[in-house]
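This report concerns only the one structure given below.
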2 protein chains.
Amino acid sequence: MQFTRASEYGVFGLLNLARRGPGATAMVEEVGRQEAIPPDFLAKIFRALARAGLVRSVRGAGGGFTLQRPPERITLLEVVEAVDGPIHLQPCFDPSAGCAFEAGCALCEPFAEARRLLRETLARHTLAELARRQSPRAARLTAAHAAR
Amino acid sequence: MQFTRASEYGVFGLLNLARRGPGATAMVEEVGRQEAIPPDFLAKIFRALARAGLVRSVRGAGGGFTLQRPPERITLLEVVEAVDGPIHLQPCFDPSAGCAFEAGCALCEPFAEARRLLRETLARHTLAELARRQSPRAARLTAAHAAR
DNA sequence: TTCAAACCCGACCGATTCGGTCCGGTTTGC
DNA sequence: GCAAACCGGACCGAATCGGTCGGGTTTGAA
Ligand code: SF4
Ligand code: SF4
């Protein structure tokens with residue numbers, strides 16, 4: 001039960017963009033260096049964020065990525081779902097899989113509730129709020145500490 | 001972001017036990033048949049539940065599995081964590097992985113909050129409560145319906 | 001005392017996902 | 001027209017998922 005590295009990197013990448021102020025454009029290479037994320041991997045992640053409409057890409061020399069919306073209107077939920085795909089909690093919650101029961105089973109209600117709560121919680125946090133308490137990742141990345 | 005089939009099967013298996021009344025013992029083969037779960041796979045899952053202390057195993061002829069506690073004192077959270085391992089949400093929340101930051105990053109607080117809420121939600125549901133609204137799985141298992 | 005029933009442990013299996021990497025193509029500014 | 005930058009997708013090794021299997025141990029009963 002974990003989110004992926006990719007979605008974590010996605011958040012850090014967008015926070016980096018957000019810190020540059022409104023309308024700023026940055027190359028994936030530079031963001032990757034500052035956030036200590038493999039640039040080729042971050043590029044793949046940013047393409048997913050672009051497809052989801054969270055970020056706008058500018059091609060060609062002098063290009064890069066820009067936040068499509070002000071950071072106070074991009075939520076943590078949107079970012080992780082754009083990268084990892086929708087949060088289902090149960091395999092059968094994926095419409096492409098489908099439920100195998102005639103009538104609802106005991107699991108349906110509690111997990112649907114848990115899913116709703118989880119998504120609401122992540123939706124409450126915006127990039128603007130997260131950016132306020134966060135410096136670039138590479139600067140903080142030194143040795144392991146035993147938090148949580 | 002999903003729980004595994006294994007934990008789902010674990011819940012169904014325990015519900016089957018719970019429905020048999022206090023102290024009842026059942027063989028994994030029979031439970032597997034009734035719940036439409038591959039018996040060898042269910043056996044593996046029940047061993048994990050036994051190691052977690054949720055279920056007691058009786059070996060030898062006439063043996064089987066019994067609920068270790070009354071179903072109103074076994075929570076959904078306990079079952080899924082016994083089978084799938086602890087819910088971490090972030091890879092770095094796993095103590096065996098460890099956090100790579102000197103100080104907390106922006107992600108720590110929101111995901112810790114989400115994790116707490118998710119676990120509390122699952123902990124609110126007991127086997128007794130789930131069993132009350134649920135017949136054996138195989139009986140209900142017919143064709144796909146498009147419920148969430 | 002022997003036999004079969006039942007759980008126990010761990011190896012193995014094919015398919016999928018994860019975390020990346022790479023390469024050839026396209027768009028753009030200079 | 002050239003270099004900078006994104007784009008799409010193929011590919012990669014490692015890990016996880018969803019099972020399966022075989023052999024070992026414990027036990028009750030004939
Ligand atoms: S009824 Fe059960 S199997 Fe069907 S979607 Fe709900 S949780 Fe999944
Ligand atoms: S500070 Fe960041 S990396 Fe460290 S445990 Fe918290 S979320 Fe994970």
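Fair warning: this is a prediction, and the values are worked out from it, not measured in the lab. Within every chain, numbering begins at 1; the chains are lettered A, B, ... in the order of the sequence lines, protein sequences first and strands thereafter. Side chains included, hydrogens not; waters and symmetry mates left out as well; all remaining heavy atoms used.
- Here the C1' atom of nucleotide C:dA5 and the CE atom of B:Met27 are 9 Å apart, to the nearest Å.
- The interatomic distance linking B:Phe65 (CZ) with C:dA6 (P) rounds to 12 Å, in whole Å.
- Residue B:Gly63 is the one, among A:Pro39 and B:Gly63, whose nearest nucleotide of DNA chain C lies closer to the 5' end (criterion: closest heavy atom).
- When rounded to the nearest whole Å, the span between CD of A:Glu8 and P of C:dC18 equals 14 Å.
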As a quick check of understanding, evaluate side chain to side chain contact (heavy atoms under 4.5 Å, CB included) for A:Val55 and A:Gln68, giving each step before the final call. CA-CA 5 Å; A:Val55 103; A:Gln68 187 79 293; 5.5 Å; no
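- A donor-acceptor pair shorter than 3.5 Å can be found between the side chains of B:His125 and A:Glu113.
- Atom CD1 of B:Ile45 and atom P of C:dC7 are 14 Å apart (whole Å).
- Residues B:Phe93 and B:Arg115 have side chains in contact (heavy-atom distance under 4.5 Å, counting atoms from C-beta outward).
- A donor and an acceptor atom, one from each side chain of A:Thr25 and A:Thr66, are located under 3.5 Å apart.
- Separation of atoms CG (B:Leu77) and CG (B:Leu118) is listed at 8.0 Å; rounding is to 0.5 Å.
- Under the 4.0 Å criterion applied to side-chain N and carboxylate O atoms, B:Arg5 and B:Glu8 are assigned as salt-bridge partners.
- Using a cut-off of 4.0 Å between Lys/Arg side-chain N and Asp/Glu carboxylate O, B:Glu120 and B:Arg116 are scored as salt-bridged.
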Reading 5' to 3' through nucleotides 21-30 of chain D, protein heavy-atom contacts under 4.0 Å coded B for base, S for sugar-phosphate only, - for none: B--BBBBS--
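- Listed by chain and residue number, B:Asp84 satisfy the side-chain hydrogen bond (donor to acceptor under 3.5 Å, both in side chains) test with B:Thr4 (two or more places apart in sequence, or in another chain).
- A salt bridge (charged side-chain N to carboxylate O under 4.0 Å, His left out) with B:Glu78 is found for exactly one of B:Arg73, B:Arg69, B:Arg119, namely B:Arg69.
- Going from atom CG of A:Leu42 over to atom P of D:dA5 covers 15 Å, rounded to whole Å.
- Remark: B:Ser57 is in phosphate contact with C:dC8, judged by side-chain N or O atoms under 4.0 Å from OP1 or OP2.
- Put simply, CG on B:Leu49 is 11 Å from P on C:dC8, counting in whole angstrom units.
- Look at A:Arg51 and you won't find any side-chain N or O under 4.0 angstrom from OP1 or OP2 of D:dC7.
- The nearest whole Å value for the distance from the CZ atom in A:Phe46 to the P atom in D:dA5 is 15 Å.
- Atom CD in A:Glu30 sits about 15 Å away from atom P in D:dA4, given to the nearest Å.
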Could you list, one pair per line, each protein nitrogen or oxygen that sits under 3.5 Å from a nitrogen or oxygen of nucleotides 15-18 of chain D, together with the distance?
from   : atom 1 : to     : atom 2 : distance (Å)
D:dG18 : OP2    : B:Arg5 : N      : 3.2

